[in-house]
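Lettering of chains follows the sequences in order, A, B, ..., and the numbering in each one begins at 1.
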Amino acid sequence: MLFPTLGFLLFFLIVAAAMAVLGTRFAAKKTVLVVASYYFYAQWDWRFCLLLAGSSALSYIAGQLIDRASDERRARTILGIAVALHLGLLGIFKYFDFFISSANQLARLLGLEHEVPFIEILLPVGISFFTFHGISYITDVYRRDVAVCRNPLDMLLYMSFFPQLVAGPIVRAAYFLPQLVRPSTEPIPIGPALLLILSGLFKKVVIANYLATGLVDPVFSAPTSYGGPDLLLATYGYAVQIFCDFSAYSDMAIALAALLGFRFPANFNQPYRAQRLREFWQRWHISLSTWLRDYLYKPLGGNRHGRWKTYRNLFLTMLLGGLWHGAAWKFIAWGALHGGGLAVERVLEPWIGRRALSPAAKIVATLIVFHFVCLAWIFFRAEDFAVASLFIGGLASGWGDGVQQAGPFVVALIVLGLAGQFTPDALFDRAALAFARVPSWGLGAMAGVVVALINALGPEGVAPFIYFRF
Amino acid sequence: MVALERELREPISPPPSTITADAIPLALRRRGASARQVLALTFVGVLTLALFASRDLPSWVGGLGSGPVVDRAQALATQWDDRMASLGLTRPHDALRALIRRLLDAQW
């Protein structure tokens, strides 16, 4: 069930009606949200619900055991076992066939004839996200950053809450569980929520969909058929497409949670305006980058054990961050590029870090970071390593042929997508405050008209969100 | 008393300074609505969408699944679209689709 569909709209209408009818009965509201979330998840495959429930049960029991542990060593052992079980589930469902395939390739290289068979298991949607939720919870309980969750209903809702279930943002236990203890007394921020939904719909339905079908998909599927200009524009196009696709999902998830009375963390903040790669990661998929920082980079030692170990930790963190995105070497290469880039940036820190940049230098720095990120996106998007190599090789040739695939419309969408990275924050705030002054029925009518216009502007049918496959 | 006999574990790490900032900042959360107003907004939104996006309504209904109920709903959606077309409410949709087709066909 995708957000921009009639099915989801009707589903949300029923959930909103239940929230309105239940009023101040918070436990009943949470029960409805758990049932709705499992129904939402079952729309992909009902068997996935068993996995989600199992993962929730594991987190809940591990949290209780860690809390009751008589000493530090015991608590650490329980944490280790629970994290290993979570990662084991992820490994079986997401990485098993990848590891088998890699082992078989290695065996062939070594001249061994025996091949391990694949299990061809179906990848449960959103498994990477809810696994990270579970690990976040038990680690936070161990670190005493969050009180242990005594109410199983709260744990079920934390793990399954439908706005973030299949593609994030990754919501920390320490952030979300306190919201389940007592109902929010704040009014529902209807203006900003609606603005996020409408802008998210436009980014997904118009910008991301047309860039995918009109430029990125055809060029990336046959890069040798195109010259340098098309390949370069397809690279920029993918940079804009993946931002518009993923940030649209996050925006809508944040807004839906807000309409149901819950707060979510920010996940994107105009990432392509970053002047440093480190800054890019403070603006892109913030909930993942902070998760990796707090649950992987810091436990590895962070920057506390000298320069070389800092570089190693940065590299390893991003490498595993790449692997989190998918079971393929191309994602590992993407992570390695970012890890290497962050390490090199750290090496250059004494020269580039201490000076205030002139306006011209800021532009140059932004361009360098953007193009580095685009280079890494080629590995992320290409079918495999070989296609990525052909693509990068092709960027240096065929510049006399002109543009074949990228028409004025898709180029305008790229420009629009990039221009959106440089709009002032105050613009959103002013629009959201203006929305908040309109009565709810007026907002509903306006939203209906705008959604109808966005629907008319977009292609027929909605492609799945890119991050669903992670 | 049993609790006192247990060795209390020290916090392993300081609490995270900033887990992450709220996506909707406090300044924008001061004005808002109730759950009933959210329901009203959603309901009015759905009705308005049904008026102005009736062209795609049959295919959206088809996307809900298959079976006699969906078939019947799809037939109703088609009738509804004909009714909206006779009232002229599908004109903005058709004009925008035609504009997009022209933009997509444009060449350098």
The interface call for A:Ala436 against chain B, heavy-atom contacts under 4.5 Å, is both

CG (B:Leu28) and CG (A:Asp429) are apart, to the nearest 0.5 Å, by 4.5 Å

Applying a strict 4.5 Å limit to non-hydrogen atoms, the region of A:Val410 in contact with chain B is neither

Working for side chain to side chain contact (heavy atoms under 4.5 Å, CB included), residues A:Asn455 and B:Arg97: CA-CA 9 Å; A:Asn455 168 64; B:Arg97 277 275 152 91; 4.2 Å; yes

Cut-off 4.5 Å, heavy atoms of chain A, and the answer for B:Leu103 is both

Separation between CE (A:Met19) and CZ (B:Arg36), nearest 0.5 Å, reads 13.0 Å

Greatest number of non-hydrogen atom pairs under 4.5 angstrom with chain A, of B:Leu99, B:Leu104, B:Val61, falls to B:Leu104

Between A:Pro408 and B:Ala106 the two heavy atoms that sit nearest each other are CD-O, 3.2 Å

Whatever's closer than 4.5 Å to a heavy atom in chain B on A:Leu194 counts as side chain

Turns out that what part of A:Ala258 lies under 4.5 Å from chain B's heavy atoms comes down to side chain

**Message:** Go through it in stages, so that I can follow the logic: the residues are A:Glu186 and B:Leu26, the test is side chain to side chain contact (heavy atoms under 4.5 Å, CB included), and I'd like the CA-CA distance, side-chain angles, deciding distance and then a yes or no.
**Reply:** CA-CA 10 Å; A:Glu186 290 177 353; B:Leu26 187 63; 3.9 Å; yes

Answer key: most heavy-atom pairs under 4.5 Å with chain B among A:Val450, A:Val411, A:Asn269 is A:Val411

B:Ile24/A:Leu196 under side chain to side chain contact (heavy atoms under 4.5 Å, CB included): CA gap, chis, key distance, verdict: CA-CA 10 Å; B:Ile24 299 175; A:Leu196 283 171; 4.1 Å; yes

Distance col, row A:Ile190:CD1 vs B:Leu41:CG, nearest 0.5 angstrom, shows 4.5 Å

Heaviest contributor of heavy-atom pairs below 4.5 Å to chain A, chosen from B:Leu57, B:Val38, B:Asp94, is B:Val38

Most heavy-atom pairs under 4.5 Å with chain A, out of B:Ser59, B:Ala33, B:Ala27, belong to B:Ala33

Under 4.5 Å to a heavy atom of chain B? For A:Phe428 that would be side chain

**OP:** Look at the side chain of B:Trp108 and the backbone N and O of A:Ala406, then say whether any donor-acceptor pair between them is shorter than 3.5 Å.
**Re:** yes

Okay, B:Leu89 and chain A: the region with an atom under 4.5 Å from a heavy atom over there is neither

Do B:Leu39 and A:Val21 make a side-chain contact, defined as non-hydrogen atoms from C-beta onward lying under 4.5 Å apart? no

Of A:Gly458, A:Gly448, A:Ala193, the largest count of non-hydrogen pairs under 4.5 angstrom with chain B goes to A:Gly448

Note: A:Pro187 and B:Gly32 closest approach over all heavy atoms is CB-CA, 3.6 Å

- Run the numbers on A:Tyr210 and B:Ile100 for side chain to side chain contact (heavy atoms under 4.5 Å, CB included), then give the verdict. CA-CA 10 Å; A:Tyr210 280 122; B:Ile100 284 288; 3.0 Å; yes

For residues 42-52 of chain B against chain A, heavy atoms under 4.5 Å, the residues are B:Thr42, B:Phe43, B:Val44, B:Gly45, B:Val46, B:Thr48, B:Leu49, B:Phe52

Rounded to the nearest 0.5 Å, the CG atom of B:Leu64 sits from the CZ atom of A:Phe11 at a distance of 13.5 Å

